[in-house]
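This report refers to the structure that appears directly beneath it.
Just so you know, residue 1 is the first one in the sequence shown, and it goes up from there.
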Amino acid sequence: MKKNDTSDIKDYIDGFLEIYERRPIKENSGGTLSVNLLHLFYIIKKLKPSRIIESGVFKGQTTWLINEILPDTKIVGIEPALHQVTYEGKNTKYITTDFLKITNDFIPKEVAKDTLIIFDDHQDAYKRIMHAHKLGFKNFYFDDNYPEFCGMR
């Protein structure tokens, strides 16, 4: 199988469905839904990152998925409205600081290269990619569930 070959994703569907049935947040409108959770499940299983930054936690469905797949992975959950988080993850440090204000004092470059950043914060992707690259990050996942016709201008 080639490095970027994703033809094996079908081999992961049953495992995902088994975990998804146990999700603690049954109604997650405005958050990550089943199709995107499957993509993320696959990526996390393949990458096995040592750390994950989740920018845009909302209720915590993605944090829960990460805990189910890699229970020992350290997570930084960036969420400006912490009161809406209903699932608090293991090994998760919650902050309200915007990702663009994160420095290598917070995440050293040697750690950044093995970290996955999940952007689900509905912010300018270009600025986030450029900042992440400057800090030494290599792995990004964008999931923005915009309302219909939003973000297309």
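Using modelled atom types, no side-chain atom of His39 and backbone atom of Ser34 make a donor-acceptor pair closer than 3.5 Å. A donor-acceptor contact shorter than 3.5 Å links the side chain of Asn104 to the backbone of Leu135.
Taking 4.5 Å as the limit, every side-chain heavy atom of Ile117 sits out of range of all side-chain heavy atoms of Tyr141. Taking the side chain as every heavy atom from C-beta outward, Pro49 and Thr115 never approach each other to under 4.5 Å.
Gln61 and Thr63 are not linked by any side-chain donor-acceptor pair at a separation below 3.5 angstrom, with hydrogens and angles left out of the test. Side chains of Thr96 and Glu79: no donor on one and acceptor on the other come within 3.5 Å. Side-chain contact of Asp143 with Thr32: a donor-acceptor pair under 3.5 Å is present, judged by distance alone.
Salt-bridge formation is not detected for the pair Arg23/Glu68: no Lys NZ or Arg NE/NH1/NH2 atom is positioned less than 4.0 Å from an Asp or Glu carboxylate oxygen.
Annotation: the span from Phe58 atom CZ to Thr86 atom OG1 amounts to 8.5 Å, rounded to 0.5 Å. Taken from CG in Leu65 to CZ in Phe41, the straight-line distance is 7.0 Å, to the nearest 0.5 Å.
Legend: residues meeting ring pair (Phe, Tyr, Trp, His ring centres under 6.0 Å) with Tyr12, ordered by chain and number and at least two apart, are Tyr42.
Pairs of residues two or more places apart, or lying in two chains, that qualify as salt bridge (Lys or Arg N to Asp or Glu O under 4.0 Å) and include a residue from residues 80-102 are Asp98-Arg128.
Proximity of the aromatic rings of Phe119 and Phe99 is defined here by a centroid distance below 6.0 angstrom, and this criterion is met.
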